[in-house]
There are 2 protein chains.
Amino acid sequence: MQKQTKNDPSGGNSDLARQRLLDAAEKLFVSEGYDGTSVRAITELANCNVAAVNYHFGTKDALYKQAVTRRLHMLRDYRVNSIDQLMEAGPENIPLEKLLEVFARAFLEPLLNDETGPAIIQLMHREILDPHLPTDTFLDEIFLPVANAIKSALQAVCPYLDDKNALLIVHSIVGQLVHIVQMVVLLSGSSFVTDNPKESIEEHVKHIVHFTAVAIRSYQNHPEGGQL
Amino acid sequence: MQKQTKNDPSGGNSDLARQRLLDAAEKLFVSEGYDGTSVRAITELANCNVAAVNYHFGTKDALYKQAVTRRLHMLRDYRVNSIDQLMEAGPENIPLEKLLEVFARAFLEPLLNDETGPAIIQLMHREILDPHLPTDTFLDEIFLPVANAIKSALQAVCPYLDDKNALLIVHSIVGQLVHIVQMVVLLSGSSFVTDNPKESIEEHVKHIVHFTAVAIRSYQNHPEGGQL
DNA sequence: GCACATATTAAACAACTGTTTGAAATATGT
DNA sequence: ACATATTTCAAACAGTTGTTTAATATGTGC
């Protein structure tokens, strides 16, 4: 992309400006939301003229959609691929804890990544609260694919889980993981001193894996779950 | 409030307009967010003049703070009181499942209430994403009081839980409960037909109670949790 | 009924918003 | 170097925003 091919009539500089606009837009949509972000703020951060948004993307809304969609697909692919790769070892060779840990880390990858932090997941939260994508995009293009991937994997590793219980368990796992992100966001604006945020996240991940594994194993003897 | 006392010099009509503005503001802040809600939209919904916000509240921001804070305190008090009332029966008389169920229902009360639905909890999500309250208000005035109440109650009912594990478990419970709300919000804008949303919520609550109880009991023999 | 306090109101204000427009600059192919 | 395509740009536009202002209407106490 730094190299400009002489055959490309659409111009490399155009791609650079587009990229800068997408990156700037993403950053501002994360921190200010859609309505709180102006086209002028985006173009100033991207070092572009205010009309560049309309030239390259048509409208602010279309820019938003592209900024969100590229991240949404990235998150889905990373999460689904992580599960698929693990499952290549064969379900009988995969400890439940391992599956849960791989999923948790894949789910939280942007958060665990120093460069991105909670931003991308936070952008997804915003899209849920204020949807701008076409109806059901979030469900169809990230939530359901990821949920189905981990659900199938759970059922392969724990064949005693029926469809209904497996899905309920997926919701429990996702809820716990999302909560970590929300706590990070909440504490990031806080005057509380966190000793070591990364260590705290690791601790939560470890807890969730164990907590969840125990509960799942209880379904082996009790399809209704929860009885000891 | 329908009766106007002759002794009240601040005027009943003023309280009526204030109330209408708060209610209208809340409704719009829930659905459109802070930046997506204009003063004109609020005053139109409240059947007031646009300057009424400034007269009664000073600024749009101050109106927002009051609208959010009144609900935040309401949620906290309901949750904490539900736990406290249950604990009056004495921890030795309270099954763990009962405690978890009471907490879950108290936590989700607005959602379970046909009049409010997920709106109020959604308003809290928005405040986390776009804080307008003074720093740490959300933490200090709802999250921590509620977390501490359920943490103490859990430790009273399950004395084998130490501080660290109890807190991690509280996070797991809250994460699962918050996730229900997020799913309701996500599906409310969806073309998916939900057979019976109330029944689905009940099912999730039942699952979370049992799922969580099993996992908690595992700490009895294994302070590190998670081992079977 | 009057004086004073309070609440409501329409108009005005400065600033901001996303978009459009046409000129100018730059890139590209021959 | 020229013709054409693409990109960038400043200015303009109509609409929106939260706030202020002063007049008017309403409420209250005596």
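Heavy atoms only: backbone and side chains are in, while hydrogens, waters and symmetry mates are out. Letters A, B, ... mirror the listed sequences (proteins, then strands); counts begin at 1. Source: prediction; values computed, not measured.
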Would you be so kind as to tabulate the donor-acceptor pairs closer than 3.5 Å made by side chains of residues 142-152 of chain A, with sequence neighbours excluded?
{"from": "A/Asn148", "atom 1": "ND2", "to": "A/Leu144", "atom 2": "O", "distance (Å)": "3.1"}
{"from": "A/Lys151", "atom 1": "NZ", "to": "A/Asp163", "atom 2": "OD1", "distance (Å)": "3.2"}
{"from": "A/Ser152", "atom 1": "OG", "to": "A/Asn148", "atom 2": "O", "distance (Å)": "2.9"}

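- Listed nucleotides D/dT19, C/dT19, D/dT20 differ in distance to B/Thr59; the shortest reach to its side chain belongs to D/dT19.
- Side-chain contact, A/Ser172 with B/Gln176: a donor N or O sits under 3.5 Å from an acceptor N or O.
- Ion pairing of B/Arg40 with B/Glu44 is absent here, as no side-chain N (NZ or NE/NH1/NH2) approaches a carboxylate O to less than 4.0 Å.
- When rounded to the nearest whole Å, the span between CG of B/Leu63 and C1' of D/dG18 equals 12 Å.
- The residue A/Ala52 sits apart from the nucleic acid: no heavy atom pair falls under 4.0 Å.
- Partners of A/Glu109 under the side chain to side chain contact (heavy atoms under 4.5 Å, CB included) rule, at least two apart in sequence or in another chain, are A/Tyr78, A/Asn113.
- Close to C/dA10, at under 4.0 Å from its OP1 or OP2, lies a side-chain N or O of B/Asn49.
- For the pair A/Arg20 CZ and D/dT7 P, the computed distance is 13 Å after rounding to whole Å.
- The nearest whole Å value for the distance from the CG atom in A/Leu16 to the P atom in D/dT8 is 9 Å.
- The separation between B/His132 atom NE2 and D/dG18 atom P is 12 Å, rounded to whole Å.
- One finds a side-chain N or O of A/Tyr55 lying less than 4.0 angstrom from the OP1 or OP2 phosphate oxygen of D/dT7.
- A heavy atom closer than 4.0 Å to some atom of DNA chain C occurs in A/Thr37, A/Ser38, these being the qualifying members of residues 27-38 of chain A.
- Closest to the side chain of A/Ala17, from the set C/dT19, D/dT19, D/dT8, is D/dT8.
- Spacing between atom CG of A/Asn54 and atom P of C/dT21 amounts to 11 Å, rounded to whole angstrom units.
- OP1 or OP2 of C/dT6 has not a single side-chain nitrogen or oxygen of B/His56 nearer than 4.0 Å.
- The interatomic distance linking B/Arg40 (CZ) with C/dA15 (P) rounds to 16 Å, in whole Å.
- If you take CD of A/Glu44 and P of D/dT8, they are 17 Å apart, rounded to a whole angstrom.
- With hydrogens and angles disregarded, no donor-acceptor distance shorter than 3.5 Å links the side chain of A/Gln66 to the backbone of A/Leu22.
- Of all nucleotides listed (C/dA10, D/dT20, D/dG18), D/dG18 comes nearest to the side chain of B/Val39.
- Of the possible polar contacts, one joining the B/Lys60 side chain to the B/Tyr34 backbone as a donor-acceptor pair under 3.5 Å is found.
- Within the 4.5 Å cutoff, the side chain of B/Val178 has no heavy atoms near those of the A/Val178 side chain.
- Toward the 5′ end of DNA chain C lies the nearest nucleotide of B/Asn47, the other residue of the pair B/Asn47 and A/Val53 mapping further downstream.
- Of the nucleotides present, D/dA1 is the one that pairs with C/dT30 by Watson-Crick or G-U wobble criteria, both distances under 3.5 Å.
- Between B/Tyr64 atom OH and D/dT17 atom P the separation is 18 Å, expressed in whole Å.
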